[in-house]
Amino acid sequence: MSHDIYPVLLKDTYINQEQYKELYQRSLEEPEGFWKEQAKKYITWFEPSEKVLQGGFDLLDVVWYAGGKLNASYNCLDRHLKTHADKIAIIWESDEGNSKKITYHDLHREVCQFANVLKKYGVKKGDRVCIYLPMIPEAVVAMLACARIGAIHSVVFGGFSAESLHTRINDADCRLVITANEGMRGGKKIPLKANVDTALVSCPQVQHVIVVKRTDNKIDWQKRDIWYHEAMQIVDADCEPEILDANDPLFILYTSGSTGKPKGILHGTGGYLVFAAMTHQLVFDYHPQDIYWCSADIGWITGHTYVVYGPLLNGATTVIFEGTPNFPSPSRFWEVIDKHQVSIFYTAPTALRALRQEGDDWVKKTKRTSLRVLGTVGEPINPEAWEWYYHVVGEDRCAIVDTWWQTETGGIMITPLPGATPLKPGSASWPFFGVEPKVVDDKGKEVADGQMGKLVITKPWPGMMQTIYNNRERFVETYFKEFPGMYLTGDQAYRDKEGYFWISGRSDDVIKVSGHRIGTEEVESALLCHPAVAESAVVGVPDHVKGQSIYAFVTLKTGYDNSDTLKKELIDTVRKEIGAIAIPQTIVFAKGLPKTRSGKIMRRILRQIANQEVDNLGDLSTLSDPQVVDDLIEQVKKLS
Ligand code: 7RM
């Protein structure tokens, strides 16, 4: 395995290669001292913690910064006011191409006001608030207002359906929902408020819905609805931040796993914020004069940590982009970069692959001279897309950071640092400070360099989730049961001789479609909602733009025939049950599915069939009906 290595380009960064090695060593050898310093450096505490790290993975009793007192919104806002109240906190770039700038002073004021609105409608410390908003400044205001009063926000991505929203509102027992009348994306309207109304049909605990007016269109109005702009007029602008414990929860964010319904990943306050601020500063080499833009939606963890908390903790100017990469043209990203003089840009490989496909001219007609650091996240980046980012977008002058992390990890775990790490296209490279990843075999034994295995993290880090909301059992079972004492990431990887990690994808039944994390079982359950479907099995197949796409095998109940109409109905069912992001690219109607004699569907075989890798299907003798395999191979061939 030989790979091109690109030397480190940037000078005068916070961390050079020598410093990385030294500090990394220290962070593992002396975690308490190391993380105590970081806590002091990055966060303003009302009271410092008595104990930096308590417990460990053995007993699963990890507690970070026990006894420390702080407030997230105070750290993102108030503490910056003395020195730079007039600095721009948010540059909002709307779908239509308008922009709006909000200073730290103004953002602070709006957050305080909205915190008072929440209080007025009965929201108290520890209550859960659901946020179902487009990418507008009010989304940040809502998150920070919750944090200010100690309420726990649960942001639900605006692309999820009413049904998904309903499940999430109920699982977290949210008391209040914040939405917009409509969202705007790529010139299309999204009926957010109408979805909320549908979702709330059986959520009696939700007494109030606060509605931001994003468009001029009329919507249905319920007795429980309150206009955001009206509510804001009748509250005052003073709201003292609640003094919270480091281990009071900050937010819940739902994410898909290999089984069952989505898990509410619960993050605490102290550890999460220290990790968010530190990674944001060092991974992007963020300096006060930078204009920083992460294109992720706030409905995902990347939006939480690197659109909102990380940058605001560091007093940065963060761009909030409502639009899409190719509307009105594939130049949009690069035009926004020129317009706002963005110096740090963080996006997903899937967006880069889609734009690369449109040709270099869309990039080349823009300047991009402000760019210095370019990041990617969400899925492996193939070397071709990496090279394009490096040469065409960054014109060989920008550092690329391919950052590996998860909803569960809270922040970036494996990544180059701009001034420290020689780059290998396609590798997320070296672990961040305090993070000790290993690659192990099925028994949990570390494998040799160059050998593929399961990626685990062996030591606690401050950004790690606290638990799965209301489901401690599932937390233990999912992440710590297979290899006691280690955190199981669910990813496959190998480490090369120079210590670079190469993460190839999931080793469980989770797929990443355009960087969106989807559990195959969720799609299967959605398909089963259609009366014609007897059984379904869903696998991921490689897609040259989306990374992976969804491939569904379906058997029908007697009395139903396959047809294009039925296919459309199945697609509509998935759209309704989950959202457009989970729609299968291909649906194969099968006579039967390959099963073991005990009735277990053999996904490995289905994956191979979907990928048309059928030369070596392995031992089929354990199948209850080996015949079905030939039929499936036939069907798949016909479709391709
Ligand atoms: C941040 C985020 C997590 C899963 C993770 C991986 C995949 C993310 C990379 C990556 C290879 C990367 N959170 N993943 N980043 N794979 N290289 N740089 O995406 O919870 O939604 O997904 O995403 O499989 O387990 S997530």
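Indexing begins at 1, ligand by ligand and atom by atom, following the structure's order.
When hydrogens are left out, the protein atom nearest atom 12 (C) of ligand 1 is Glu379 O, 3.5 Å; that is the closest non-hydrogen contact. Nearest protein heavy-atom neighbour of atom 15 (N) of ligand 1: Gly378 N, 3.1 Å. When hydrogens are left out, the protein atom nearest atom 25 (O) of ligand 1 is Arg506 NH1, 2.7 Å; that is the closest non-hydrogen contact.
In the vicinity of Thr407, heavy-atom distances shorter than 4.0 Å reach the ligand 1 atoms 13 (N), 20 (O), 21 (O), 26 (S). Every atom of ligand 1 with a heavy atom of Asp491 under 4.0 Å away is listed here by number and element: 5 (C), 6 (C), 24 (O), 25 (O). Near Val377, meaning under 4.0 Å from one of its heavy atoms, ligand 1 places the atoms 1 (C). Using a 4.0 Å cut-off to heavy atoms of Ile301, the atoms of ligand 1 that qualify are 1 (C), 13 (N).
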Walk me through it: do Tyr479 and Glu408 pass the test side chain to side chain donor-acceptor pair (under 3.5 Å)? CA-CA 10 Å; Tyr479 304 107; Glu408 293 88 340; 2.7 Å; yes
Walk me through it: do Glu498 and Lys424 pass the test salt bridge (Lys or Arg N to Asp or Glu O under 4.0 Å)? CA-CA 11 Å; Glu498 277 106 28; Lys424 299 189 189 184; 2.5 Å; yes
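Here the shortest heavy-atom distance to atom 16 (N) of ligand 1, taken over Ala348, Pro380, Gly257, belongs to Pro380. Nearest to atom 19 (O) of ligand 1 by heavy-atom distance, out of Met413, Glu408, Gln406, Lys512, is Lys512.
Closest of all the heavy-atom pairs between Leu455 and Thr489 is O-OG1, 2.6 Å. Minimum interatomic distance between Ala172 and Arg128 (heavy atoms only, all atoms of both residues): O-NE, 2.8 Å. The nearest pair of heavy atoms linking Glu436 to Lys459 is OE1-NZ, 2.9 Å. Summarising the geometry of Asn314 relative to Gln281, their closest heavy-atom pair is ND2-N, 3.6 Å, with the distance given to 0.1 Å.
Annotation: Trp404 is not in aromatic contact with Phe501 [ring centroid separation under 6.0 Å not met].
At a heavy-atom distance under 4.0 Å, only side-chain atoms of Thr302, from C-beta outward, approach ligand 1.
The closest approach between Trp300 and ligand 1 stays at or above 4.0 Å for every heavy atom of the residue.
Both tests pass for Arg168 against the ring of Phe160: distance under 6.0 Å to the centre and angle within 45° of the axis.
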